[in-house]
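Every value quoted in this text rests on a predicted model; they were computed, and no experiment measured them. Order of listing sets the numbers, starting from 1, for every ligand and every atom in it.
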Amino acid sequence: MAKRKPWEEAGFRCPYLDTINRLVLDFDFEKACSVSGNNFNVYACLVCGKYFQGRGKHTQCYTHALQEAHHVYMNLGDGRVYCLPDGYEVIDSSLKDIQDMLDPSFTPEAVSTLDSVPVYARGVDGSDYMPGLIGLNNIKGTDSVNVVVQSLARVPPLRDFFLLPSNYAHLRSPLVAEFGALVRKIWSPHNFKGQVSPHELLQAIMSASANRFKIGEQCDPMDFLAWLLNSLHTALGGTRKAGSSIIHRTFQGSVKVTTLKARGEGEEEAEEEEATARELPFLYLTVDVPPAPLFKDALERNIIPQVPLFACLAKFDGQTPQEMMNGDKRRYIITRLPRYLIVHIKRFSKNTQHFLEKNPTIVNFPVRNLDLSNYVEMSEEERAAGASHKYHLMSSIQHDGPPDTGAYRAFVHFKANDSWYEMQDLHCNGVHPQLISVSESYIQFYDAAAA
Ligand SMILES: [Zn+2]
């Protein structure tokens, strides 16, 4: 009878567990072999952090184990750990923190307390962080992607959906899988440090958008957000039917558009203008900023003008006509508000020479209790009964600097401690809400206030 191997004996403990170095472990990057570049059956060497393919004889892991005397390897697909070159599986509860970092998982109970119980976590380097307030690497011009992810990752129904992979693992969409993985990392208390890299999501975005959005090129976050919402909706099986994906259930509202046809020359003045009304769904509302006047003060400095958000929202009052390029006029009024409202404050435009121009006008808005009642179609009875539509700001994306070389950051409200934070790539800092209401806000996310 063959002699039993030491690891087949009861009570055996892998002697190499102490060689694992958590400080070098990073699972945010593309899971590809550092030698062959292949991306299937990849393991991380838990001693030096490098990725290698395979664990059988003559594989990259096996060779690395012999050459470097690094013995502990984790399969990046399923989190199982093996000791090489012996080849036995290491089953030890001390590995759980690494498995949790590789693949953060949440119970429905844990998800349900994220907005009420602040959690403080400590990274392996001793730094403290709060799950939900995690910095994201800027991988060459990807600050515009980061601010969108930071905003979406804290919209409760969307976040809660993506924290539970059972909601979408069967879809086999890399975009959905990587977006979900990043949301889980942002909220995980098991990170080894208070920041993660969105590298794998960016790879999926580049692929799904056919390089329309890519590393190395800053995009317009509103273009990206619109694309991402539609792409996720479609990948999640959403259709034109109302509420057919978590994206539409969260953000979709509707607006009534009344078009007044321009009269041709020589036509008789009609008694009434011909009007056609259509009701259209929206995932965000776009408002225009009034042209910036070139005022100068007594010292000849340019004054940055300020307008209240309500002046921009007047577009949706159902009265103020908006002139179209062809001379038609349109009136807009909201017929249904979503629970979570996205407002796009249009401040970028291409001039006649196709250069990007930015309107720096500061838009003032209330951080709490933004009242949209004047822009929503309501019956006389509803108005008389004092029905209102109020929203609290959840996050605001803003642009700083010139249109082509500036940078984006996001102000986010953290519900669990009712505080505001500025998220700019890797940095997360507390901020006073008064600063947010006088910023060059570009995209805003609102939550309907409880009636
Ligand atoms: Zn190694």
Side-chain angles (χ1 to χ4, degrees), residues 5-9 11-105 121-127 129 134-137 139-140 174 177-178 181-182 184-185 188-204 215 426:
K5 305 279 191 201
W7 52 87
E8 290 169 339
E9 303 290 343
F12 173 82
R13 187 174 186 269
C14 174
Y16 300 110
L17 286 174
D18 295 341
T19 66
I20 294 173
N21 182 0
R22 285 166 172 76
L23 287 169
V24 300
L25 300 183
D26 185 339
F27 300 139
D28 293 343
F29 288 87
E30 190 188 359
K31 309 227 172 8
C33 174
S34 59
V35 178
S36 68
N38 285 326
N39 59 8
F40 59 92
N41 201 22
V42 176
Y43 293 76
C45 169
L46 298 186
V47 182
C48 68
K50 285 187 184 158
Y51 294 173
F52 298 99
Q53 193 177 24
R55 68 184 155 90
K57 270 190 182 163
H58 311 301
T59 61
Q60 304 295 354
C61 281
Y62 192 88
T63 307
H64 182 73
L66 293 179
Q67 283 177 348
E68 302 293 328
H70 292 175
H71 298 295
V72 201
Y73 295 81
M74 177 175 277
N75 183 303
L76 293 174
D78 60 17
R80 291 168 77 167
V81 176
Y82 300 88
C83 185
L84 298 184
D86 292 338
Y88 60 87
E89 181 172 1
V90 184
I91 296 171
D92 195 289
S93 58
S94 72
L95 298 168
K96 188 168 186 316
D97 63 329
I98 305 175
Q99 286 155 338
D100 282 339
M101 181 181 62
L102 173 68
D103 184 24
S105 58
R122 177 155 289 182
V124 283
D125 60 356
S127 63
Y129 68 90
I134 299 286
L136 298 176
N137 274 83
I139 308 170
K140 287 167 82 185
E178 295 302 344
L182 187 54
R184 286 187 287 134
K185 284 181 181 177
S188 170
H190 304 298
N191 290 313
F192 282 9
K193 51 189 192 300
Q195 45 191 247
V196 299
S197 170
H199 193 264
E200 292 196 280
L201 174 62
L202 284 160
Q203 297 280 355
I215 293 169
L426 290 174

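D26 places a side-chain N or O within donor-acceptor distance of the main-chain N or O of D28, the cut-off being under 3.5 Å. In this structure a side-chain-to-backbone donor-acceptor pair under 3.5 Å is missing from D86 to Y88.
In summary, of the residues considered (H71, R55, K57), a side chain to side chain contact (heavy atoms under 4.5 Å, CB included) with L84 occurs for R55 alone.
Pairs engaging residues 39-58 under the ring-ring contact (aromatic ring centres under 6.0 Å, His included) rule: F52-H64 [sequence neighbours left out].
Listed by chain and number, the residues in a side chain to side chain contact (heavy atoms under 4.5 Å, CB included) with S127 are D125 (sequence neighbours excluded). Every side chain to side chain contact (heavy atoms under 4.5 Å, CB included) that Q67 has, sequence neighbours left out, goes to T63.
The Zn ion (ligand 1) has C45 SG, C48 SG, H64 NE2, H70 ND1 as its protein N, O or S neighbours under 2.8 Å.
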